[in-house]
Amino acid sequence: MSNKEIFQIPPSFAAQAGVDGAHLRQMTADAARDPERFWLDQAGRLDWTRRPTLASGSSFADDVSIRWFADGRLNASVNCLDRHLAERGEQIALIWQGQEASQVERLTYRALHERVCRMANVLRGLGVERGDRVAIHLPMVIEGVVAMLACARIGALHVVLFGGFSAEGLADRLNDSGAVAIITADEARRGPKRIALKTVMDEALARGVPGVRHMLVLSVTGIDLPMQEGRDLALAPLLAQASSDCPPADMEAEDPLFLLYTSGSTGKPKGMVHSTGGYMVWASFTHEMVFDHREGDVFWCTADISWITGHTYVVYGPLANGGTILLFEGLPSYPAPGRWWEVIDTHKVTTFYTAPTAIRSLMRDDDAVVKGYALDSLRLLGSVGEPISPDAWIWFHEAVGRGRCPVVDTWWQTETGGILIAPIPGAVPQKPGSATLPLPGVDAVLLTDKGEVIDGEGEGCLCIARSWPGQARTIWGGHERFRQTYFSFSPGYYFSGDGARRDADGYYWITGRIDDVINVSGHRIGTAEVEDVVATDHRFVECAAVGVPHDIKGQGLVVFVVARDASVPDLADAASLAVTKGIGRYAVPERVYLVPDLPKTRSGKIVRRLLRKIACHELDGLGDLSTLADATIVDRLIAVVGPAK
Ligand code: PRX
């Protein structure tokens with residue numbers, strides 16, 4: 001890539017940035033030379049009840065053991081709240097903007113602390129104990145953040161569940177995590193629509209979730225719902241009665257802070273386990289470094305709190321750093337296009353962090369929309385969740401950032417806890433479409449298919465050679481699966497599942513998943529998960545799911561099904577319904593093809609690569625067909641899907 005495609009750091013930004021090029025080089029060198037010392041120093045950004053004397057004791061070998069700051073003790077909610085009270089008790093911690101312009105609430109650190117203590121006491125009063133799991137199933141309302149921090153306060157693990165999961169998807173996660181209590185709401189507002197939350201949760205529990213003892217219900221839209229005696233409780237009266245004094249639990253650094261479910265290439269979603277100490281150090285370190293955090297910032301991360309991005313950059317990172325967060329309940333274009341820009345102007349947002357899928361859909365609006373807003377409070381933009389194409393990057397930079405704001409393209413995953421590869425905005429010039437360079441202490445490598453290290457320029461599988469504090473410790477109830485999934489590709493390396501290219505400047509360009517995971521509007525969906533839920537309908541013999549490019553969503557899901565009796569009506573709709581029922585509406589297939597058979601190798605493996613090409617109507621270069629058990633399948637599939645385009 002030539003220099004003219006490099007975006008240098010705007011001098012006005014560089015002049016005030018917290019970390020410049022020389023500083024970053026020094027940090028990177030320090031982290032490489034003496035990681036133990038570097039990370040112990042970084043641990044100093046938190047308040048500990050017992051300061052750690054050890055940094056890493058991690059090993060990617062044998063059974064895989066990941067441990068950081070193991071002899072330290074702390075509480076995450078204290079780090080996000082109590083420790084700020086003396087200096088910034090009256091500073092705004094959280095601005096909530098509801099869907100309607102008139103719905104605004106501003107909470108100081110003192111007020112947020114009080115709300116968290118009340119919620120924590122409600123949970124304690126119900127018998128929730130340290131180590132218990134509490135499911136949080138809420139819209140983007142203040143109580144979502146409060147509930148997370150309340151769990152952290154009493155040492156319970158939160159399990160935040162997306163409002164778009166189906167009853168089946170919820171039941172699976174509740175049972176896997178062994179949740180004892182649920183905090184949900186009557187409904188979520190989504191533009192003109194209402195999304196039932198408690199009713200879906202009732203259906204989930206009706207499927208058999210024996211561990212759940214209590215369901216706390218927040219009233220958001222105020223509808224009347226049946227409450228199950230002895231199990232369901234209205235949240236508001238309990239909060240009103242609860243004490244606002246709640247001593248925090250003193251946690252070990254390695255005690256888990258939360259579980260968060262994500263999809264992989266095989267089996268059911270896995271509950272990634274994140275630690276208290278290492279995760280909090282990582283959240284604070286990366287938020288400050290990558291977003292150049294400073295006093296007076298108003299930080300808006302548009303992610304739902306049920307996403308890892310919502311955990312680390314709506315809640316834990318910015319609050320640990322004493323920032324002001326914006327929580328927005330609404331949609332980008334409701335009630336009219338330009339809603340997000342209006343929110344930025346109204347609340348003087350300085351730092352705006354969103355996803356390429358949203359950027360692509362906003363780019364479709366007439367440019368007059370975005371031009372109609374001042375957007376002069378913005379100083380930094382960020383992107384996360386999928387590769388951002390150079391044209392979307394440039395639009396974001398020009399139309400939203402007015403050429404004045406660096407764009408940080410941040411690569412990371414649920415498993416990594418926080419950002420691993422991104423430009424430090426005052427130090428690293430950006431190239432549109434590249435996540436640029438690993439953060440200090442992040443030992444990124446590219447490996448060939450055979451596990452050999454690629455030096456210099458090249459393309460391969462993105463792996464990490466050494467543990468970092470924010471890394472997930474294990475899969476809940478499945479350490480062997482953890483080892484297998486992430487550490488068996490090439491022993492000694494963490495395998496990300498992503499492909500990447502490294503250019504002559506050492507910049508990384510993420511090319512997307514190289515395993516059977518697809519990314520639909522930033523939602524990770526395992527193709528195996530889709531195939532499993534379709535297979536529960538016995539009218540189907542077999543099924544294969546693939547991801548195809550989609551203009552807005554990044555990828556869309558295409559499903560091929562083989563029916564026992566293809567003359568039965570509405571089979572394609574039945575397969576679609578099986579997916580939305582089994583996983584959720586967000587996984588709805590773009591297309592379902594009823595096919596006579598699936599392409600298989602002689603050893604019986606489905607050749608997804610071929611299905612992907614046929615689904616995209618790319619019939620040139622179908623590749624080597626000689627491995628197919630029956631090569632006539634190609635024409636029979638094309639007859640269903642249609643010819644080349
Ligand atoms: O494929 C990568 C993509 O999102 C995956 C992680 O998804 P999830 O665990 O849901 O976490 C999303 C939020 C961090 C990755 O394996 N991905 C994430 N960020 C980027 C990305 N792909 C390209 N560029 C990025 N900046």
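Atoms within a ligand are numbered from 1 in the order they appear, just like the ligands themselves.
- Qualifying side-chain contact (heavy atoms from CB on, under 4.5 Å) partners for Thr262, counting only residues two or more places apart in sequence or in other chains: Lys270, Met272, Thr414, Glu415, Arg524.
- With respect to Asp532 and Lys268, no salt bridge is recorded, no charged nitrogen being found less than 4.0 Å from a carboxylate O.
- For Phe162, the ring pair (Phe, Tyr, Trp, His ring centres under 6.0 Å) criterion is met by Phe165, His523, Tyr586, not counting sequence neighbours.
- For the side-chain hydrogen bond (donor to acceptor under 3.5 Å, both in side chains) with Glu386, the qualifying choice from Gln555, Lys553, Arg360 is Arg360, the only one to do so.
- Around ligand 1 you find Trp307, Ile308, Thr309, Val384, Gly385, Glu386, Pro387, Asp409, Thr410, Trp411, Trp412, Gln413, Thr414, Asp498, Ile510, Arg513, Asn519, Arg524, each with a heavy-atom distance below 4.0 Å.
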Donor-acceptor pairs are to be reported for all side-chain atoms of residues 281-289 against protein atoms at under 3.5 Å, with residues two or more places apart or in another chain.
residue : atom : partner : partner atom : Å
Trp282  : NE1  : Ile419  : O            : 3.2
Ser284  : OG   : Arg45   : NH1          : 2.9
Ser284  : OG   : Asn321  : OD1          : 2.7
Thr286  : OG1  : Trp282  : O            : 2.6
Thr286  : OG1  : Ala283  : O            : 3.4
Thr286  : OG1  : Tyr313  : OH           : 2.6
His287  : ND1  : Asn321  : ND2          : 2.8
Glu288  : OE1  : Arg45   : NH1          : 3.0

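- Aromatic rings of His274 and His311 (six-membered ring for Trp) have centroids beyond the 6.0 Å cut-off, not under it.
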